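So that the names make sense, note that chain A is the first sequence line, chain B the second, and so on, each numbered from 1. Worth saying up front: this structure is predicted, and the values here are computed from it rather than measured.
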Protein chains: 2
Amino acid sequence: MSPETDRRTDCLADWCADAEWCGLTCALDVLDRKWSPVVVAVLLDGPRGFAAISDAVDGVSGTVLSETLDDLTDAGIVERRTVSERPHRVEYRLTAAGRDLEPAVEALREWGERHGTA
Amino acid sequence: MSPETDRRTDCLADWCADAEWCGLTCALDVLDRKWSPVVVAVLLDGPRGFAAISDAVDGVSGTVLSETLDDLTDAGIVERRTVSERPHRVEYRLTAAGRDLEPAVEALREWGERHGTA
DNA sequence: CAGTATCCACAAGGATACTG
DNA sequence: CAGTATCCTTGTGGATACTG
């Protein structure tokens with residue numbers, strides 16, 4: 001009954017207890033934050049600046065959006081590009097791994113369209 | 001700038017601010033809890049009792065699993081069936097809406113298999 | 001504009017003990 | 001076995017103010 005027995009040690013999610021659901025838990029770990037999937041969905045339409053994302057994702061605070069983008073960047077899903085301009089601008093775009101999330105995000109969105117209404 | 005302008009009032013998620021991502025936010029709202037998607041994944045393999053789910057989802061406490069199943073039941077994703085036996089037994093199974101989550105869960109799991117390893 | 005630094009509030013997970 | 005009732009701790013979101 002040792003919890004380590006069938007645990008995937010190469011899994012990014014530290015709460016992945018059993019190998020059976022490791023893929024799922026890893027994906028969930030990356031999209032753990034409330035707004036992460038929505039941000040990914042926004043960026044699937046193309047690169048955006050901070051303000052554009054903030055506008056598209058109505059309801060998120062600047063602080064949290066910043067943290068969310070940081071986490072997504074650390075996870076290798078989002079890439080930051082600082083544009084040397086005045087005023088200061090930063091562009092966020094999905095990496096290949098990020099774009100690869102499209103089927104999952106799409107599937108979730110479609111489910112919501114079908115079942116998520118009262 | 002009224003936040004209510006383009007908000008889908010028929011969306012189950014109360015934090016769905018704009019119609020654009022309503023489907024996605026609704027789905028996320030339903031799978032909001034840490035273990036919800038994993039529980040759904042387990043039940044995609046067929047109906048299970050409380051103990052069986054608890055065993056399959058290694059790492060979750062009884063309290064939280066109970067709450068998770070309650071929420072999923074309220075959301076119309078899981079169905080409870082009490083089996084009149086001794087000792088007391090309860091069976092959980094996915095509803096049609098729950099089974100309809102399979103593509104999304106599968107897509108997430110596949111992404112994790114591809115990208116979620118260190 | 002694009003953040004960072006605090007501070008606060010609340011929700012959710014976990015442990016334990018108890019009940020039908 | 002299948003929960004429910006507490007209690008505790010942490011994580012996360014949000015507001016505000018400040019910096020480059």
How many Å lie between [atom1] on [X] and [atom2] on [N], as a whole number?
{"X": "A:Asp32", "N": "D:dT12", "atom1": "CG", "atom2": "C1'", "answer": "10 Å"}
{"X": "B:Leu65", "N": "C:dG13", "atom1": "CG", "atom2": "P", "answer": "11 Å"}
{"X": "A:Leu69", "N": "C:dA2", "atom1": "CG", "atom2": "P", "answer": "11 Å"}
{"X": "A:Trp15", "N": "D:dT10", "atom1": "CH2", "atom2": "C1'", "answer": "16 Å"}
{"X": "B:Phe50", "N": "C:dG20", "atom1": "CZ", "atom2": "P", "answer": "18 Å"}
{"X": "A:Glu67", "N": "D:dG11", "atom1": "CD", "atom2": "P", "answer": "13 Å"}
{"X": "A:Asp70", "N": "D:dT12", "atom1": "CG", "atom2": "P", "answer": "14 Å"}
{"X": "B:Leu28", "N": "C:dA12", "atom1": "CG", "atom2": "P", "answer": "14 Å"}

Are OP1 or OP2 of [N] and a side-chain N or O of [X] less than 4.0 angstrom apart?
{"X": "A:Arg89", "N": "C:dG3", "result": "no"}
{"X": "A:Ser66", "N": "C:dT4", "result": "yes"}
{"X": "B:Tyr92", "N": "D:dG3", "result": "yes"}
{"X": "B:Arg33", "N": "C:dG13", "result": "yes"}

Test your reading of the model: is there a side-chain donor-acceptor pair from [X] to the backbone of [Y], 3.5 Å cut-off?
{"X": "B:Ser54", "Y": "B:Phe50", "answer": "no"}
{"X": "B:Thr95", "Y": "B:Gly76", "answer": "yes"}
{"X": "A:Thr73", "Y": "A:Glu79", "answer": "no"}

Both distances below 3.5 Å, Watson-Crick or wobble geometry, any strand: find the nucleotide opposite D:dG20.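 Pair assignment: D:dG20 / C:dC1.
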Under a 3.5 Å cut-off for both distances, is C:dT6 Watson-Crick or wobble paired, and to whom?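 WC or wobble partner is D:dA15.
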I want to verify a distance call: between D:dG20, C:dT4, C:dG14, whose nearest atom is closest to the B:Trp35 side chain?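 Looking only at side-chain atoms, B:Trp35 lies closest to C:dG14.
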Of all the choices, D:dG14, C:dG14, D:dG20, which nucleotide is nearest to the side chain of A:Ser61 once you look at every atom?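 It is D:dG14.
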Residue pair A:Trp35, B:Trp15: steps toward the ring pair (Phe, Tyr, Trp, His ring centres under 6.0 Å) verdict: CA-CA 10 Å; A:Trp35 300 103; B:Trp15 55 286; 5.0 Å; yes
Of B:Ala51 and B:Thr63, whose nearest nucleotide on DNA chain D comes first from the 5' end? B:Ala51
If each of A:Val60 and B:Val90 is mapped to the nucleotide of DNA chain D with the nearest heavy atom, which maps nearer the 5' terminus, i.e. the 5' end? B:Val90
Would you indicate what A:Val64 reaches in the nucleic acid, counting non-hydrogen atoms under 4.0 angstrom: base, sugar-phosphate, or nothing?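 A:Val64: base contact, heavy atoms under 4.0 Å.
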Would you call A:Glu102 and A:Arg99 a salt bridge, using N to O less than 4.0 angstrom? no
